[in-house]
Peer 1: 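Dropping a structure here in structure tokens format, bear with me for questions.
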Amino acid sequence: MRDQKLLFIVQAAAIAAIYVVLLLVFAPISFGEVQIRFAEALTVLPYFTPAAIPGLFVGCLLGNFLGGAILPDIIFGSLTTLVAAFVSYRLRKRKYLVVLPPIIGNALVMPFVLYYGYGTNLPIPFMMLTVAAGEIISCGVIGTVILLALDRYKNTIFRSAAV
């Protein structure tokens with residue numbers, strides 16, 4: 001039991017750290033009304049471990065903070081990631097659906113953050129499309145590649161980390 005809790009914490013921390021690094025390394029294209037967050041490809045990880053739920057949330061929270069995002073972006077972007085990770089975890093028995101919650105969640109929430117928080121003067125429906133496009137590239141395409149690559153090693157890399 002103690003080993004499972006430690007494994008859960010280590011996996012969550014590793015996922016958070018990787019998310020932050022990817023977000024900051026690709027910062028020029030990770031922020032704005034047209035963005036591709038390569039870190040969002042990690043949103044497939046709830047398929048493998050529940051530790052990805054807090055890991056993605058903390059990674060997004062820290063990454064947004066360290067990347068200079070405004071408070072509404074830090075709060076609502078991170079909460080969107082948390083909810084999407086939880087829903088993705090719930091969809092883990094349907095492998096190819098785990099990419100949908102972050103795509104849909106970000107497409108619905110982030111345009112409002114961009115419009116009201118950052119004052120981006122573009123129509124919200126247009127920004128829904130641009131955010132969705134970036135999420136489709138990062139979560140849908142790159143995330144699916146990661147999902148398929150890691151699925152072969154599911155039982156060795158991601159031992160059960162349920163608390």
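FYI, the numbering just counts along the sequence from 1. None of these values were measured; they are calculated from a predicted model.
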Peer 1: Give me the atom names and distance for the closest heavy-atom approach of Gly63 to Val20.
Peer 2: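 Taking Gly63 first and Val20 second, the nearest heavy atoms are N-CG2, 3.8 Å.
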Peer 1: For a 4.5 angstrom cut-off between non-hydrogen side-chain atoms, does Pro46 reach Leu56?
Peer 2: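 Sidechains of Leu56 and Pro46: in contact.
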Peer 1: Do Tyr89 and Thr49 have side chains that approach each other closer than 4.5 Å (heavy atoms only, starting at C-beta)?
Peer 2: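 Tyr89 vs Thr49: side chains apart.
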Peer 1: Please check if any side-chain donor atom of Ser30 sits under 3.5 Å from a side-chain acceptor atom of Gln35, or the reverse.
Peer 2: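 No pair is found: no donor N or O on one side chain lies under 3.5 Å from an acceptor on the other.
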Peer 1: After noting the C-alpha distance and the side-chain angles of Phe38 and Leu23, does the key distance pass the side-chain contact (heavy atoms from CB on, under 4.5 Å) rule?
Peer 2: CA-CA 7 Å; Phe38 290 112; Leu23 187 63; over 6 Å; no
Peer 1: Group every Ile, Leu, Val, Met, Phe, Trp and Tyr by side-chain heavy-atom contacts under 4.5 Å, then state whether Met110 and Leu129 land in the same group.
Peer 2: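 Unlinked, Met110 and Leu129 end up in two clusters.
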Peer 1: At their closest point, which heavy atom of Thr43 faces which heavy atom of Cys139, and how far apart are they?
Peer 2: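 Taking Thr43 first and Cys139 second, the nearest heavy atoms are OG1-SG, 3.4 Å.
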Peer 1: Given side chains that start at C-beta, do those of Leu45 and Leu150 come closer than 4.5 Å, heavy atoms only?
Peer 2: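 In contact.
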Peer 1: What is the minimum heavy-atom distance between Ile15 and Gly55, and which atoms define it?
Peer 2: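 Minimum heavy-atom separation between Ile15 and Gly55: CG2-C, 4.0 Å.
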Peer 1: The test is side-chain contact (heavy atoms from CB on, under 4.5 Å); show your working for Phe112 and Met127 and say whether it passes.
Peer 2: CA-CA 9 Å; Phe112 292 96; Met127 288 191 287; over 6 Å; no
Peer 1: How far apart are the C-alpha atoms of Thr81 and Glu40, what are their side-chain angles, what is the distance that settles it, and do they pass the side-chain contact (heavy atoms from CB on, under 4.5 Å) test?
Peer 2: CA-CA 9 Å; Thr81 297; Glu40 286 288 296; 4.1 Å; yes
Peer 1: I need the minimum non-hydrogen distance between Ser78 and Leu61, along with the two atoms involved.
Peer 2: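 For Ser78 and Leu61, the tightest heavy-atom pair comes out as OG-CA, 3.1 Å.
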Peer 1: Please report the interatomic distance CD1(Ile142) to CG(Leu22), rounded to the nearest 0.5 Å.
Peer 2: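 Going from the CD1 atom of Ile142 to the CG atom of Leu22 covers 10.0 Å.
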Peer 1: Hey, any chance Ile137 and Val25 share a hydrophobic cluster, counting ILVMFWY side chains that come within less than 4.5 Å of each other, even indirectly?
Peer 2: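 Result: yes, single cluster for both.
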Peer 1: May I ask you to list the residues sharing a hydrophobic cluster with Leu148, side-chain cutoff 4.5 Å, ordered by chain and number?
Peer 2: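 Other cluster members: Tyr96.
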Peer 1: Taking CZ in Phe76 as the centre, count heavy atoms belonging to other residues, nucleotides or ligands within less than 6.0 Å. Is the count above 12?
Peer 2: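 No, because the 6.0 Å sphere around CZ of Phe76 holds 12 heavy atoms or fewer from other groups.
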Peer 1: Does Val99 reach the side chain of Thr144, with side-chain heavy atoms less than 4.5 Å apart?
Peer 2: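 The answer is yes; the side chains approach within 4.5 Å.
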Peer 1: Kindly compute the distance separating CD1 (Ile124) from CG (Leu108), expressed to the nearest 0.5 Å.
Peer 2: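 One gets 11.5 Å once the value is rounded to the nearest 0.5 Å.
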Peer 1: Please round to the nearest 0.5 Å and tell me the distance separating atom OG1 of Thr80 and atom CZ of Phe57.
Peer 2: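 It comes to 10.5 Å.
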Peer 1: Distance under 6.0 Å and angle within 45° of the ring axis: does Arg92 meet both against Phe48?
Peer 2: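 Judged by the rule (NZ or CZ under 6.0 Å from the ring centre, within 45° of its axis), Arg92 is not positioned above Phe48.
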Peer 1: Check Ile103 against Gly140 and note the closest heavy-atom contact, atom names and distance.
Peer 2: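 That closest heavy-atom pairing would be CD1-N, 4.0 Å.
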Peer 1: State whether a side-chain donor-acceptor pair under 3.5 Å links Tyr115 with Asn121.
Peer 2: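 No, Asn121 and Tyr115 have no side-chain donor paired with an acceptor closer than 3.5 Å.
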Peer 1: Any non-hydrogen side-chain atom of Ser88 less than 4.5 Å from a side-chain atom of Val44?
Peer 2: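 Contact flag for Ser88/Val44 side chains = no.
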Peer 1: Could you work out, with side-chain contact (heavy atoms from CB on, under 4.5 Å) as the rule, every residue matching Phe86, not counting sequence neighbours?
Peer 2: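 So Phe86 forms a side-chain contact (heavy atoms from CB on, under 4.5 Å) with Ile53, Arg90.
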Peer 1: Do the side chains of Val10 and Leu6 get nearer than 4.5 Å, heavy atoms only?
Peer 2: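 Sidechains of Val10 and Leu6: in contact.
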Peer 1: Supply the atom-to-atom distance Lys95 NZ to Asp151 CG, rounded to the nearest 0.5 angstrom.
Peer 2: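 The distance works out to 3.5 Å.
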Peer 1: Is any side-chain heavy atom of Tyr118 closer than 4.5 Å to one of Asp73?
Peer 2: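 The answer is yes, as the side chains (C-beta and beyond) meet within the 4.5 Å cut-off.
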Peer 1: A side-chain contact here means heavy atoms from C-beta on lying under 4.5 Å apart; do Cys60 and Tyr19 qualify?
Peer 2: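 Touching, per the 4.5 Å side-chain cut-off.
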Peer 1: Are Leu114 and Leu122 linked, directly or through intermediate hydrophobic residues, by side-chain heavy-atom contacts shorter than 4.5 Å (ILVMFWY only)?
Peer 2: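 Yes.
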Peer 1: Does Ile146 belong to the same Ile/Leu/Val/Met/Phe/Trp/Tyr cluster as Val141, with side-chain heavy atoms less than 4.5 Å apart forming each link?
Peer 2: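 No: no chain of side-chain contacts under 4.5 Å links Ile146 to Val141.
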Peer 1: If Ile, Leu, Val, Met, Phe, Trp and Tyr residues are connected whenever their side-chain heavy atoms lie under 4.5 Å apart, and connections chain through other members, are Val109 and Phe126 in the same group?
Peer 2: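 Result: yes, single cluster for both.
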Peer 1: Ignoring hydrogens, what is the shortest heavy-atom contact between Ile74 and Ala69? Give both atom names and the distance.
Peer 2: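 The pair with the smallest heavy-atom distance is CD1-O, 3.4 Å.
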Peer 1: Let's go through Phe65 and Leu71 carefully: what are the C-alpha distance in whole Å and the side-chain angles of both, what is the deciding distance for side-chain contact (heavy atoms from CB on, under 4.5 Å) to 0.1 Å, and is it a yes or a no?
Peer 2: CA-CA 8 Å; Phe65 179 76; Leu71 190 59; over 6 Å; no
